[in-house]
Structure formats: structure tokens, C-alpha cells
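Written below as C-alpha cells is the structure these notes are about.
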Amino acid sequence: MQNHHRLLLSLALGACAGMALHPYARLEALQQLNHYLIEPIGQLFLRLIFMIVTPMVLSGLMLGVFQLSSHHGLARVAKQTLMFTVLASTASVAIGIGLVNLFHPGTGLPLTALPGDSAGLRQIQQHAAQAKPMLETLLELIPKNPFDAAGKALDGGMLPLMFFSLAFGAALALSTKDQPSRWVEVLEETYAACMLIVETTMKFAPLAVFALVFQSTFKFGPQILLSLSAYLLIVVLGLLLQQGVVYTLLLRCFSKLNPWIFFRQCRDVYLYAFATASSNATLPRSLDLAEHQLKMSPDISRFVLTIGSTANQNGTALFEGVTVLFLAQVYGVDLGLSTQIQVVFMAILAGIGTAGVPGGSLPLIMILIQQIGIPAEGMGLILGVDRLLDMCRTTLNVSGDLVIAALVDQTVSNTSCEKPRASCGH
Ligand code: ASP
């Protein structure tokens with residue numbers, strides 16, 4: 001059986017088993033089984049992957065920048081990456097906001113019909129309260145202590161670590177001036193060792209995917225989906241439009257790749273993103289796919305994918321735009337055109353600042369809704385379905401990173417069909 005079939009099967013089995021056992025979720029024996037067996041399996045897998053994310057980001061980004069500075073021209077790659085990121089993010093938020101304005105999923109929805117989650121809400125409120133003013137946030141992109149930044153990388157501090165890696169990689173290229181450097185060898189070996197740990201861990205992926213998906217469906221069951229079905233459908237429709245229309249158009253207009261073959265080659269990675277709900281946890285798989293199957297230049301793919309896993313989150317930006325407008329409709333807060341444009345910008349920026357971990361965008365949504373006068377309790381209404389939406393939006397986040405990496409690779413290295421690229425549709 002092929003890998004993606006195995007993953008798909010685990011995903012379907014996990015979802016069905018969770019749904020089937022949800023009505024008995026209060027049984028002591030089932031709770032114990034879930035707590036002591038199924039939950040630890042999923043957590044074990046995630047922890048093993050998270051364990052190598054920080055060394056991988058450090059070594060991958062330093063190497064990417066070092067090699068780009070020496071070969072392709074870092075400035076050109078960075079410019080293309082920024083251009084495609086802004087294009088894709090703006091399109092995704094515009095789709096989300098357009099759909100909410102068209103279908104009004106929150107208008108007339110009785111608040112009593114919606115579920116609430118006060119414990120989860122309190123936790124997010126605490127996170128949101130720790131948010132700093134814009135100037136301070138920008139200044140803190142430059143870490144005082146890179147080791148401290150590495151320690152906090154998976155708790156929302158990835159951007160400062162990336163800044164350090166970028167600066168260090170560029171400085172290494174300038175200081176070595178194409179001379180062989182032992183530092184580069186160390187980085188290459190670190191990166192290769194990280195990949196090996198990922199490959200070994202991935203052998204347990206089907207079991208872990210079962211456990212992770214089971215968790216979500218066992219806990220919430222299908223009822224919650226019904227009360228928020230219009231909102232859910234709008235988010236999922238928006239994500240599908242971004243994937244099926246925007247990414248397809250981008251690939252057709254700016255590359256020689258056949259979008260459908262490209263998407264098919266990425267399906268394993270989509271499944272990992274869906275099951276883990278974490279762009280950071282999926283990063284090692286995306287890097288592997290980009291280098292070995294999609295045959296992108298490693299320096300470009302390491303640069304674009306590593307940065308993208310935190311700073312390019314189209315699915316999250318779309319979700320944030322839809323959620324803010326949906327909650328405004330539920331609470332009857334009238335948002336004029338200028339406020340909606342403000343929401344577009346804030347959602348794009350929030351997509352850049354969101355940590356690539358499960359639920360990473362929730363504190364940012366809290367800040368967004370409070371800024372435009374929606375009661376904070378609004379968040380409690382959507383928490384029950386967040387995990388499901390997180391799985392979907394993370395898949396788009398990761399897909400967007402791969403699309404942008406492919407576009408930058410094609411436009412910059414301009415060697416589209418010289419290399420044996422399986423996805424060239426000509
Ligand atoms: N889970 C998302 C990711 O890792 C972030 C979010 O939207 O919460 O990409």
C-alpha cells in the first residue's frame with residue numbers, strides 16, 4: 001500500500017472511531033484508554049517532530065541563506081518570496097471576507113444555539129493579554145540572545161530565531177567568500193541528521209495520525225458541527241477556492257508546472273498538515289518533498305519553506321478574516337467598509353505573526369475582535385470547532401508554502417524543465 005493511502009486510511013479510521021465512541025465519551029474505561037494510550041501516541045509523535053524543528057530551522061535557514069548569497073542572489077529570492085506571499089495572502093483574505101459578505105453565516109443566529117467554552121476562552125484571553133504594542137513587537141524581531149530565542153521558538157518566538165539565522169547565514173557567506181568552511185559542513189551534517197530523525201519518526205505516522213484525528217472527533221462529536229455548519233462551510237469553501245483557483249492560477253501564470261500533478265505530488269504532506277494541525281511540525285516533510293520529489297533547488301526551498309512555515313499562512317489569514325466578520329454578524333456589530341478593509345490588513349499581518357502550531361492563531365483573533373468591539377466571549381463560541389478548522393487551514397498554509405517555493409524556484413533558477421521535474425506538464 002502506498003504511503004498516502006496508508007495515511008488516508010488511518011485518518012478515516014481515526015475519524016470514524018472517534019465519532020462512533022463520542023456518545024460513550026463519559027465512560028470511565030474509555031476516558032482512561034484515551035488518556036493513557038491514544039493521547040500519548042499522538043503527543044509522542046508530535047514531540048519527536050517538534051524536537052528537531054528548532055535545529056532544522058537554524059541549520060536549514062542558515063544554509064539556505066548562505067547558498068543563496070553565494071549562488072542565486074539572496075535579494076532576488078527574498079523579493080520574489082515577498083511578492084508571492086503578499087499576493088497569495090491578500091487573495092485568501094479577500095476570498096474569506098467576500099464569502100462572509102455574500103452569505104452572512106452569522107446574521108440572525110441565536111446566541112443560545114451556539115456552544116461555549118469558557119475554560120478555553122480564559123486561556124486564550126491570558127495569551128492575548130500578553131500581546132505587546134506594535135513597535136515593541138517589531139523591535140523584538142531582533143533577539144537580544146539567540147539561544148533564548150531558540151528556547152522560545154515553539155512558543156510563538158520563531159520569527160526572532162529566523163532573523164538570527166538569516167543574519168548569520170548571510171554573514172557566513174560574506175566572511176568565507178566561497179572558501180570551504182567547517183561551519184557549513186557542520187550545518188549540512190546537522191540538517192542531514194535532523195532529516196534522518198524525521199524519516200525514522202515518520203515510520204510511525206499512520207498510528208499517530210489515527211491517534212490525533214481520533215482525539216478531535218472523540219472529544220467533540222458531530223453535534224457541534226451542526227450548530228455552526230454555515231460558518232464551517234464558508235471557511236472550508238474559502239480554503240478550497242484558494243487552493244483550487246488562486247494556487248492553480250498562480251502556478252499556471254508564473255510557472256511551467258502542471259497544478260494538478262503538483263498538488264498530487266504534495267498529497268502526503270497535505271495529510272501530515274491535516275493530521276498535525278501544525279505548519280512547523282510539517283516543515284521537515286515539506287523540505288524533504290521539495291528537495292527529493294519536486295526537485296527544487298535546496299537553497300531556495302530551504303529559505304522559502306522555512307520562513308513560510310511561520311510567516312506565510314494563507315489559510316490562517318482567511319480563517320481570521322471570516323471569523324472576525326462572522327462574530328460581528330452574530331453580535332450584530334455593524335462593520336463598515338473601512339473597518340472591513342482594516343480587518344483585511346490585520347488578518348494578513350496576523351497570518352505573518354501566527355505561530356505554526358495547533359491553535360496558534362487564536363490569541364491573535366482575540367486581539368482582532370477586541371479591537372473592533374466584538375465581545376471577547378465570541379471566541380468561546382467557535383473554540384469547539386477550532387481543531388477541525390485548524391486541520392483544514394494548516395493544510396492550506398502548508399500548501400501555500402509549497403506553491404510559493406515552486407514559483408520562486410521556477411522564476412529565479414529558471415531551469416524549469418532542464419532538471420528531471422516530474423511535475424512539468426509538457
Ligand atoms: N495551526 C496553524 C499552523 O500551524 C496556525 C493556526 O492557524 O492556528 O499553520
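Counting convention: from 1, in listed order, for ligands and their atoms alike.
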task: Output yes when R6 and D268 qualify as a salt bridge under the 4.0 Å nitrogen-oxygen rule, no when they do not.
output: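 A salt bridge is absent here (no side-chain N lies under 4.0 Å from a carboxylate O).
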
- request: Mind jotting down which protein residues get a heavy-atom contact under 4.0 Å with ligand 1? Chain and number order, please.
  value: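 Lining ligand 1 at under 4.0 Å, by heavy atoms, one finds A277, S278, S279, Q313, T316, T354, A355, G356, V357, P358, G359, G360, S361, D390, R393, T394, N397.
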
field: Inter-residue atom distance I348.CD1 - N312.CG, 0.5 Å rounding
entry: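 The CD1 atom of I348 sits 11.0 Å away from the CG atom of N312.
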
query: Using 30° and 60° as the class limits, which term best fits the ring planes of F319 and Y231: parallel, tilted or perpendicular?
result: tilted

message: Does the plane of the ring in F164 sit parallel, tilted or perpendicular to the ring in F168? Use 30° and 60° as the thresholds.
response: tilted

query: If we only count heavy atoms from C-beta on, is the S286 to L402 side-chain gap below 4.5 Å?
result: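 Yes. Closest side-chain heavy atoms under 4.5 Å.
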
message: Once ring-ring contact (aromatic ring centres under 6.0 Å, His included) is applied, do any residues pair with F84, and if so which ones, sequence neighbours excluded?
response: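 Here the qualifying residues are F254.
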
